[in-house]
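Just so we're clear, the structure is a prediction, and the values are computed from it rather than from any experiment. Side-chain atoms are counted along with the backbone in the values below, which use heavy atoms only and exclude waters and symmetry mates.
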Amino acid sequence: MADVSADMVETNQLSVKELIDTCQECCTSFNPAQLSLDAHADAFLSARSVTAEADCAFIRQVLYGTARFQALLKSFVDSFYRKHSGSVLRGDAQLYKIYAYLAIMRLTELGTEQYRRLVSVADPQKMMVLLEFIIDTDSLVECCRDEWLKIYNKEYVDDLLATLVSFRPELEDVLQQLQDQVHLTTQASEAEAAKFTGTSKAASAARKKTVPEPFNLTQPKPKLQPIEEPLPPPVKCHPAPTPHQGPTKEERAIEAAKQRNRQQQLQRFSDPAHGPFHLLTAERPTNTQQLKQQQEEELAKQLTLYPGKPRPAPGPPAAQVRLNAAAILREDTVYKKKQLQEAQMIKRFEAELRDSSKHDSWQREAVAADLAARAAAVRQRRDDLAATQQAAIHARQQLVQQNLQAGQQLKEQGEADKARLKQQMEAELEANRRQRDKVQAEKAKVEAALEKLELDNRQRAEGIRQAEAAAARARAAVVAADEAKKRDIILQLRAFEKIPRKGKEFDPAESGGHNLLEEMSLLELRQRLAYTTQRHQEEEEQQRAEIFQKKKEKEGMLARKAANITSIRRIAAAQATARRQLTKQQQAAAAQQAQARTEDQAVQLHEKLEAKRAATHAEKARLAAEEKRIKFEQQQQGAAASQVEETSFASLVAGQARELAQRQRSTKQDAVQYEATKAKSNSVRMKSVKQDMKAKTDFIKAYDESMQQLRGTDQQFRQQELTRKKGLVESQHDFEARLGQTHKEKAYVPGSATEGPAAALLKQLSLGVLASEASLSMKQ
């Protein structure tokens with residue numbers, strides 16, 4: 001597409017504005033249900049008279065690209081409209097798709113300068129909004145990346161985003177120009193309005209003239225590596241607190257203050273002057289609580305809303321529903337099928353002396369066992385998934401480190417490849433320059449040879465044209481002579497047809513006398529038609545009677561079936577009523593049993609709770625007594641307090657040592673597992689890389705072999721086709737030569753001794769006319 005864009009400056013091609021409008025119209029008018037891409041492109045280009053090769057290639061590539069990446073462009077445009085719904089129009093969706101396709105997919109081939117030319121012909125306001133959305137990488141990642149990942153893999157999407165990031169400075173320049181153009185347009189409109197109102201300032205300075213400059217074609221840049229996700233910040237732990245022996249100075253001060261406060265409170269409340277007042281009115285009997293309860297009940301009655309009593313539900317309808325024939329037959333078929341199933345069940349029970357109760361119980365037990373096995377499998381799967389998740393976390397950390405190292409290596413390798421590619425491009429440029437000089441030197445010789453060949457072709461064509469004119473004149477003379485002879489024969493035939501002939505009178509009682517099978521006169525035909533009509537009427541009456549009889553029989557059968565269905569419904573209704581009553585009784589009994597079980601469980605629970613409370617009280621009392629005893633012993637053994645503290649500190653130190661040893665063992669195990677997982681991942685990755693390289697090599701080899709075979713087959717087919725066409729042309733020439741020779745031999749030449757075919761036909765016709773006149777004279 002870069003070559004096509006570089007050739008746009010030719011004068012025989014469409015302008016950039018016309019090219020973009022043509023691409024938009026071509027993409028909009030495409031209907032995949034009617035035509036394919038190639039057929040639509042051919043029809044559209046021929047209808048629009050687009051003949052330039054570069055324009056046709058550009059339009060086709062835009063059509064193919066928008067159709068191929070339709071899902072990606074649709075998600076992009078939808079996100080674009082959601083973010084800028086107030087500043088863009090829905091009717092420009094196809095235009096935005098074309099410019100988005102050129103920016104996302106083909107910007108590396110086009111270059112920013114050519115893309116700038118394409119953007120400059122559109123509305124600056126629309127292009128400014130679109131480029132702001134494209135340049136904003138954060139918005140693309142937030143709005144479009146998740147939708148693109150549903151269609152393409154992560155590496156491809158990251159490559160697309162990295163390409164846009166690499167062209168961001170150039171696109172920002174284009175955006176700045178568009179913004180300046182939009183702001184200048186606004187300022188110009190304001191200045192024009194001010195001038196119209198008579199408040200304009202002095203004439204502006206002379207505008208700067210546009211100086212044409214050659215195209216600065218941007219060389220394609222290598223794609224940047226995908227943006228790596230940042231590593232999570234390392235977890236920083238607080239240092240372990242420094243252990244100390246016994247209570248600190250602050251803790252001892254707090255405990256002493258508590259003891260002093262406790263002694264002060266005991267001394268204060270032991271004095272009767274600080275105790276509560278004891279009033280005799282509080283000890284008198286009163287009914288205040290009863291009155292309060294009565295008032296609350298009355299207020300609750302006033303505030304409670306009682307809904308009205310509904311009317312009783314109407315009874316079931318007593319009228320019978322009239323059934324049609326289809327309903328009667330359908331319900332009768334259902335009842336017969338049920339009767340047949342019950343009869344087969346009874347017959348099977350009589351023959352096998354057992355029913356399906358054992359099978360049903362076995363089936364329930366099997367289902368319960370399957371559910372238990374499934375639950376155990378689910379638990380096992382959860383444990384496996386947890387272990388797999390832990391291993392995946394370790395593998396992910398290792399993979400991130402490897403990716404960082406690989407990225408650094410690829411960056412260094414990319415720099416080296418860039419330098420080597422630059423050298424190769426310079427060498428290819430020099431070779432192309434030498435090849436161009438050589439081609440220009442050979443071009444003069446080719447032009448002289450073409451002029452000579454054109455002169456020879458003109459002379460040969462002039463000779464062929466003169467020979468064909470002479471042959472055409474000869475053929476025209478022969479055709480004129482044949483037409484004159486045919487005209488004479490036609491005149492003689494018309495004269496023969498005008499000779500009068502006598503007819504015969506018609507008799508309806510006689511046949512035609514043509515000696516045909518079933519030949520009869522007109523009277524006999526009328527009699528037979530009347531007999532046939534009468535027979536058809538009799539057959540119709542007989543069929544009508546048979547149909548009426550069948551209808552009566554069917555009505556009787558339907559009446560019997562309807563009566564049977566009514567009786568079956570009556571019995572089924574009685575059985576359903578009995579089943580409902582039995583079900584209600586069973587439900588009531590089950591409810592009573594459940595209530596009884598609930599009450600028994602409540603009693604048992606209360607007993608257990610009481611027992612636990614009693615045990616708890618007893619345990620509290622024992623602990624209080626034990627604490628009292630310990631305090632007493634500690635007071636008695638005050639000298640051994642330091643020894644107790646030393647023992648407690650020693651136990652704490654031993655516990656910390658055990659914890660450190662356990663932590664060290666777990667760390668070593670994690671390190672060993674990490675190293676094993678890393679080695680396994682490396683081996684799997686290397687094996688996968690080798691398999692991919694081998695598959696790629698085999699595919700390329702097979703592809704080259706198939707292409708070589710197809711080229712040979714195509715060359716052979718073309719040779720056969722050329723040979724066949726040459727044979728057809730030679731056979732056609734031979735046939736035309738033989739046909740011309742035959743016409744020359746059979747052609748009538750006036751004044752010759754031989755008699756032509758037209759003269760022979762005229763002679764035969766004259767003989768036939770004479771013979772017919774002789775036969776008529778003999779009859780007379």
Side-chain angles (χ1 to χ4, degrees), residues 1-30 40-41 44-67 69 73 76-77 80 88-89 91-135 164 167 170-182 184-185 188 207-220:
M1 187 174 283
D3 298 337
V4 175
S5 300
D7 295 339
M8 283 183 187
V9 297
E10 298 181 7
T11 57
N12 58 347
Q13 295 181 349
L14 298 174
S15 64
V16 181
K17 175 65 174 176
E18 295 173 348
L19 188 62
I20 292 296
D21 294 341
T22 307
C23 291
Q24 184 178 358
E25 185 178 358
C26 181
C27 296
T28 306
S29 60
F30 172 61
H40 174 70
F44 181 82
L45 293 176
S46 61
R48 298 299 183 276
S49 301
V50 180
T51 57
E53 184 178 357
D55 293 342
C56 295
F58 185 84
I59 294 171
R60 286 178 184 274
Q61 289 189 17
V62 171
L63 176 62
Y64 297 159
T66 52
F69 300 100
L73 296 176
F76 174 84
V77 173
F80 174 67
V88 292
L89 299 176
D92 298 330
Q94 190 62 45
L95 179 65
Y96 290 132
K97 284 184 181 180
I98 293 174
Y99 278 101
Y101 165 70
L102 295 175
I104 298 173
M105 301 296 175
R106 311 307 289 271
L107 188 57
T108 305
E109 302 176 23
L110 275 175
T112 54
E113 293 299 329
Q114 297 301 329
Y115 190 73
R116 189 195 307 272
R117 292 183 62 205
L118 295 172
V119 169
S120 62
V121 299
D123 188 359
Q125 180 67 30
K126 298 177 182 178
M127 293 298 103
M128 183 180 68
V129 178
L130 178 63
L131 284 181
E132 286 177 354
F133 185 73
I134 293 176
I135 291 174
L164 292 177
F167 284 98
E170 292 85 350
L171 293 177
E172 286 179 351
D173 295 340
V174 178
L175 178 60
Q176 185 63 35
Q177 292 181 2
L178 290 173
Q179 290 176 352
D180 296 341
Q181 186 176 358
V182 171
L184 288 174
T185 304
R207 293 185 179 179
K208 189 177 179 181
K209 296 183 179 179
T210 302
V211 179
E213 295 179 357
F215 289 101
N216 184 15
L217 300 179
T218 304
Q219 298 296 332

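When each of Val50, Thr51, Asp55 is tested with Leu45 by the rule side-chain contact (heavy atoms from CB on, under 4.5 Å), just one qualifies, namely Val50. None of Phe133, Tyr96, Tyr101 except one satisfies the ring pair (Phe, Tyr, Trp, His ring centres under 6.0 Å) rule with Phe76; the exception is Phe133.
Residues Lys17 and Asp21 form a side-chain contact, since some pair of their non-hydrogen atoms from C-beta on lies under 4.5 Å apart. By the 4.5 Å heavy-atom criterion applied to side chains, Leu95 and Ile20 are counted as neighbours. Leu107 has its side chain out of reach of Leu102: every pair of non-hydrogen atoms, C-beta onward, lies at least 4.5 Å apart. Annotation: side chain of Gln61 is in contact with side chain of Arg106 (closest heavy-atom distance under 4.5 Å). Between Ile104 and Phe69, every side-chain heavy-atom pair lies at or beyond the 4.5 Å cut-off. Considering only heavy atoms from C-beta on, Leu118 comes within 4.5 Å of Leu110 through its side chain. A heavy-atom distance below 4.5 Å is found between the side chains of Tyr99 and Met127.
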Phe215/Glu113 under side-chain contact (heavy atoms from CB on, under 4.5 Å): CA gap, chis, key distance, verdict: CA-CA 8 Å; Phe215 289 101; Glu113 293 299 329; 5.7 Å; no

CA sep, side-chain torsions, deciding dist, call: Glu25, Arg48, salt bridge (charged side-chain N to carboxylate O under 4.0 Å, His left out): CA-CA 10 Å; Glu25 185 178 358; Arg48 298 299 183 276; 2.3 Å; yes

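The two residues Ala103 and Leu164 make their nearest non-hydrogen contact at O-CD2, 3.6 Å. Closest non-hydrogen pair, Lys126 versus Asp92, comes out as NZ-OD2, 2.8 Å. Minimum interatomic distance between Val62 and Ile98 (heavy atoms only, all atoms of both residues): CG1-CG2, 4.1 Å. The minimum heavy-atom distance linking Glu170 with Thr112 is given by the pair CB-CG2, 3.1 Å.
A donor-acceptor pair under 3.5 Å links the side-chain atoms of Ser120 to the main chain of Arg117, judged by distance alone. Within the 3.5 Å criterion, the main-chain N or O of Leu63 finds no donor-acceptor partner in the side chain of His40.
In this model, a donor atom of one side chain and an acceptor atom of the other lie less than 3.5 Å apart for Asp180 and Gln176.
In this structure, Tyr115 has its ring center at least 6.0 angstrom away from the ring center of Phe167.
Atoms CG and CD1, on Leu175 and Ile134 in that order, are 10.0 Å from each other to the nearest 0.5 Å.
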